[in-house]
Amino acid sequence: MKLLELRKQKKITQSELAKILEIKQQYYSRYENNQAEPDIETLCKIADYYGVSLDYLCEHQSKALELPANLSQDDKQTIFAYLALPELKKAVIRGEIKALAII
């Protein structure tokens, strides 16, 4: 992620930014040093603060994702939240879905 670069452009400390994001400075430091990944809510707050897209923030080159037109807004948000998760968490969710589909 481009967190360090963006923070330095804003000339703000990790501590100041953590207060704005309402998280502990230690958490933000881990995100910036690629030792942990923020949850989707925090990731959205960071993107909003810097005025960038999630794709830009995560350095993701996405192809246009075409979703069925009949999906609800809630379903679309759920899909995009899933796509933003780290692979390990996606695997857990896929397992849960498979287990529910069997029932």
Side-chain angles (χ1 to χ4, degrees):
M1 280 193 255
K2 301 181 176 193
L3 297 179
L4 177 61
E5 174 187 324
L6 289 167
R7 185 175 58 79
K8 292 210 179 247
Q9 287 175 1
K10 285 274 192 178
K11 298 179 182 174
I12 188 169
T13 66
Q14 285 184 350
S15 182
E16 292 168 328
L17 185 55
K19 285 180 185 176
I20 291 167
L21 299 173
E22 300 175 334
I23 61 173
K24 292 183 178 182
Q25 184 271 329
Q26 294 87 343
Y27 293 158
Y28 185 82
S29 177
R30 289 183 194 139
Y31 305 153
E32 200 171 276
N33 293 308
N34 294 316
Q35 295 173 337
E37 294 183 7
D39 59 39
I40 189 68
E41 181 180 342
T42 303
L43 197 59
C44 288
K45 285 181 182 180
I46 293 169
D48 287 345
Y49 175 77
Y50 289 125
V52 299
S53 70
L54 291 175
D55 279 351
Y56 176 83
L57 190 62
C58 298
E59 300 178 86
H60 178 72
Q61 301 296 322
S62 66
K63 296 177 184 172
L65 178 62
E66 291 188 32
L67 298 174
N70 63 342
L71 281 181
S72 69
Q73 187 63 29
D74 187 48
D75 286 341
K76 289 177 186 177
Q77 288 175 337
T78 301
I79 290 167
F80 287 119
Y82 167 82
L83 293 173
L85 292 173
E87 193 54 42
L88 184 59
K89 290 183 179 181
K90 287 180 185 177
V92 170
I93 291 172
R94 285 192 300 270
E96 292 293 323
I97 291 171
K98 287 177 186 174
L100 289 169
I102 293 172
I103 297 174

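When reading the values below, keep in mind they use all heavy atoms of this one structure, side chains included, and skip hydrogens, waters and symmetry mates. Every value quoted in this text rests on a predicted model; they were computed, and no experiment measured them. Start at 1 with the first residue, then count along the sequence.
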Original post:
Run the side chain to side chain contact (heavy atoms under 4.5 Å, CB included) check on I12 and I20 step by step: do they pass?
Top reply: CA-CA 11 Å; I12 188 169; I20 291 167; 3.6 Å; yes

Does a donor on one side chain sit under 3.5 Å from an acceptor on the other, for S29 and Q26? no

One should read off an interatomic distance between I93 CD1 and T78 OG1, to the nearest 0.5 angstrom, of 9.5 Å

request  = Taking only Lys NZ, Arg NE, NH1 and NH2, and the carboxylate oxygens of Asp or Glu, determine whether K45 and E22 approach each other closer than 4.0 Å.
outcome  = yes

Original post:
So do Q9 and Y50 actually touch side chain to side chain, heavy atoms under 4.5 Å?
Top reply: no

Checklist line | Ion pair E87/R94, N-O distance below 4.0 Å | finding: yes

Using a 4.5 Å cut-off on heavy atoms from C-beta on, say whether the side chain of Y31 contacts that of T42.
yes

All heavy atoms of Y49 vs all of K10, minimum pair found to be O-NZ, 3.8 Å

Is a side-chain donor or acceptor of E16 paired with a backbone partner of T13 at a separation under 3.5 angstrom? yes

As a quick check of understanding, evaluate side chain to side chain contact (heavy atoms under 4.5 Å, CB included) for I40 and L54, giving each step before the final call. CA-CA 10 Å; I40 189 68; L54 291 175; 4.3 Å; yes

So do I79 and L71 actually touch side chain to side chain, heavy atoms under 4.5 Å? yes

Can you check whether L3 reaches N34 side chain to side chain, under 4.5 Å on heavy atoms?
no

CD1 (I46) and CG (L6) are apart, to the nearest 0.5 Å, by 9.5 Å

* Asked: Is the NZ atom of K24 crowded by more than 12 outside heavy atoms at less than 6.0 Å?
  -> no

Inset, instruction - Report yes if the side chains of Y82 and I97 come closer than 4.5 Å at any heavy-atom pair, otherwise no. - result: no

Could you check whether any side-chain N or O of D39 sits under 3.5 Å from a backbone N or O of E41, counting only pairs where one atom can act as donor and the other as acceptor?
yes

So CG of D74 and NZ of K76: to nearest 0.5 Å the spacing works out to 11.5 Å

Item checked: Heavy-atom donor-acceptor pair, R30 side chain to Q35 backbone, under 3.5 Å -> no

Nearest heavy-atom approach of L4 to E32 is CD1-OE2, 3.2 Å

Ring-face cation of K19 near Y28 (centre distance under 6.0 Å, axis angle within 45°)
no

When every non-hydrogen atom of A47 is compared with those of L57, the smallest separation belongs to N-CD2, 3.9 Å

